[in-house]
There are 2 protein chains.
Amino acid sequence: MAGEGRSKDLGKGLGKSGELDFPRPLTTVDVVIFTILDDSLQVLLMQRPAGEGEPFPLSLALPGGFVDVTKDRDLAACAARKLKEKTGVTSPYLEQLGSWGSATRDPRGWSATHAYFALIPADASVLANDAHWFPIRGGRLKDKLAFDHGDILATAIQRLRNKVEYTSLPAYLMPPEFTLPDLQRVYEIVLDRPLEKSAFRTRILSADMIEPVAKMRRGPNRPAQLYRLKKGSEPVYFVRTFNPPE
Amino acid sequence: MAGEGRSKDLGKGLGKSGELDFPRPLTTVDVVIFTILDDSLQVLLMQRPAGEGEPFPLSLALPGGFVDVTKDRDLAACAARKLKEKTGVTSPYLEQLGSWGSATRDPRGWSATHAYFALIPADASVLANDAHWFPIRGGRLKDKLAFDHGDILATAIQRLRNKVEYTSLPAYLMPPEFTLPDLQRVYEIVLDRPLEKSAFRTRILSADMIEPVAKMRRGPNRPAQLYRLKKGSEPVYFVRTFNPPE
DNA sequence: CATAGTTAGTTGTACAGTCCAACTTACTTA
DNA sequence: TAAGTAAGTTGGACTGTACAACTAACTATG
């Protein structure tokens, strides 16, 4: 950051703090919210409003909006606010994804958005009535999105998949209690390939991130041990990836 | 991104595109530029100007500055421009690091910076005369930095170290021709721990990212094979990390 | 000119963790 | 009571690192 450089760039002398008078890009925050629903990875999208002057009227878009300098202490708080407004979830996994800024991404002018991505269990959310889940099949979304939100979503999917190879991130997509086969299924949904059962169990159990509860999941066959996330557990990083496909 | 939400947040009706009239945060780009020099990881820093109204006068800071909406097509172009201005390097490894935005990080008002990090070989650079290399010892910088640049730098160091565990990133810190022991040394400098010679060689050579040139590095002892990066090579991701310390 | 010193590079054994496949266990349903 | 199914275990093959000892190729030195 600086003020330095700017006055030089323009090649003319500016009064003190004159450099603050230059055109400022629009600043927004968008959130890519993932969950697992119906045995599939899903993302939360909203329909753009139709009002006059609104860009991409009625298109699908990521939840987000302008940073409110009077309300948002910082970017993460702004992202958490959006998440809360749309899903009611307050304490999810929330990670910064990156930022996208250019002269052309928003017809209203030079704009930059700070993108976050969140993982929540589907059953923990109560959606705002203009928000809906959309399934991601084959690693992509069917629909076209407003702005460059398609790029942002693609990056988020890639980041999620990449990290799932060597971290415990899917744990944040689980309900409070779950079985190891449940967790493995979520890994497989995100990665879109089957994993080895025994290697999976060894890895997860030796990572010390979940603990058994004194209950079993009962069903039409052998009961499965229920587990919960150990509290305060940061994501775990494994020293190997699962063996990659092909 | 949206305009939606904003008018609702404020609880009052706004004329068309009225939402664009709200206070906009300052938008800047900063670049964390790493190199290897004197057997040590170093970062490029500049001294802040002393002019009236300038925040953090004479403090050390990352190179960066305001996005110039008339000049910068997008954020990456802006970062590349900063890098070019300070080092003369045009084609480095340049990756987005993240963004930092809050009401308090800049005394001039709510501001958000988009941080990038770059890796360049030291000998490829010709520094601007207000820029200098500063060594990072023990994973930290001695000096305090302006703004939240200390946080940004710490994040960059952490990200670099983390990725070096399982990628070929250090290759971008090397001169055009180098030996395997040279490359291993750079890994060791960044990670701040010794690596196994034979495992290191096996991994790098089987990654198909470098190729031998028909020359040897001669010295006071056994000559070493020289290699160069295969052109067009994206960073390589290994399926294991080196065995982590302790 | 031989020998010591130093760094490049290889080899071999131990070990850890995945892959793959077969197996046992515990339950429901017919 | 037997068949079916999913949970969970076990063991051998394989891959790649850890560790350590080894060989190779050069310079410097007495």
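Proteins come first, then strands; the chains are lettered A, B, ... in the order of their sequence lines, and each starts at number 1.
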**Q** What is the distance, rounded to the nearest whole Å, between atom CG of A/L180 and atom C1' of D/dA6?
**A**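 That distance rounds to 13 Å.
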**Q** With heavy-atom distances below 4.5 Å as the criterion, would you say the side chains of A/I152 and A/V32 are in contact?
**A**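 Yes - at least one pair of side-chain heavy atoms lies under 4.5 Å apart.
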**Q** Rounded at 0.5 Å granularity, tell me how far CG in A/L160 sits from CZ in A/F117.
**A**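 These two atoms lie 5.5 Å from each other.
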**Q** Atom CZ of B/R193 and atom C1' of D/dT17: how far apart are they, to the nearest Å?
**A**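 Answer to the nearest Å: 12 Å.
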**Q** Identify, with sequence neighbours excluded, every residue that meets side-chain hydrogen bond (donor to acceptor under 3.5 Å, both in side chains) alongside B/T87.
**A**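 In terms of side-chain hydrogen bond (donor to acceptor under 3.5 Å, both in side chains), with neighbours along the sequence ignored, B/T87 is linked to no residue.
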**Q** Please report the distance, rounded to the nearest Å, between CD in B/Q184 and P in D/dT17.
**A**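 Taking atom P of D/dT17 as the reference, CD of B/Q184 is at 12 Å.
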**Q** Between atom CZ in B/R217 and atom C1' in D/dA25, what is the gap in whole Å?
**A**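 Spelled out: CZ on B/R217 to C1' on D/dA25 is 16 Å.
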**Q** From CG of A/L226 over to C1' of D/dA7, roughly how many Å is that when rounded to an integer?
**A**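 Rounded to the whole Å, the gap is 12 Å.
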**Q** May I ask you to list the residues of residues 195-206 of chain A, by number, that have any heavy atom positioned under 4.0 Å from an atom of DNA chain D?
**A**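 By residue number: A/K197, A/S198, A/R201.
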**Q** Please encode protein proximity along nucleotides 24-30 of chain C as a string of B, S and -, counting only heavy-atom distances under 4.0 Å.
**A** -BBBS--
**Q** I need the OH-C1' distance between A/Y166 and C/dT18, as an integer number of Å.
**A**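 Those two atoms, OH and C1', are 19 Å apart.
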**Q** So, are A/K215 and A/E177 salt-bridged, with charged N and O less than 4.0 Å apart?
**A**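 Looking at A/E177 together with A/K215, the answer is yes, because their closest N to O distance falls below 4.0 Å.
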**Q** Counting only N and O atoms by type, is there a donor-acceptor contact under 3.5 Å from the side chain of A/T167 to the main-chain atoms of A/V236?
**A**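 No, the answer is negative, given that no donor and acceptor are paired below the 3.5 Å cut-off.
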**Q** Residues in side-chain hydrogen bond (donor to acceptor under 3.5 Å, both in side chains) with A/R73, at least two apart?
**A**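 Listed in chain order: nothing, the list is empty.
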**Q** Can you tell me the distance, in whole Å, between the CZ atom of B/F238 and the C1' atom of D/dT17?
**A**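 That distance rounds to 13 Å.
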**Q** Pairs in or reaching into residues 194-207 of chain A: which pass side chain to side chain donor-acceptor pair (under 3.5 Å), with residues at least two apart or in two chains?
**A**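 Listed by first then second residue: nothing to list.
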**Q** Tell me, please, which residues at least two apart from B/Y172 pass ring pair (Phe, Tyr, Trp, His ring centres under 6.0 Å).
**A**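 Counting only residues at least two positions away or on another chain, B/Y172 forms a ring pair (Phe, Tyr, Trp, His ring centres under 6.0 Å) with B/Y93.
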**Q** Are B/D74 and A/R105 within salt-bridge range, i.e. N to O under 4.0 Å?
**A**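 The answer is no: the pair does not qualify as a salt bridge.
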**Q** Could you tell me the separation between the CD atom of B/Q225 and the C1' atom of D/dA25, rounded to a whole number of Å?
**A**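 To the nearest whole Å, that distance equals 14 Å.
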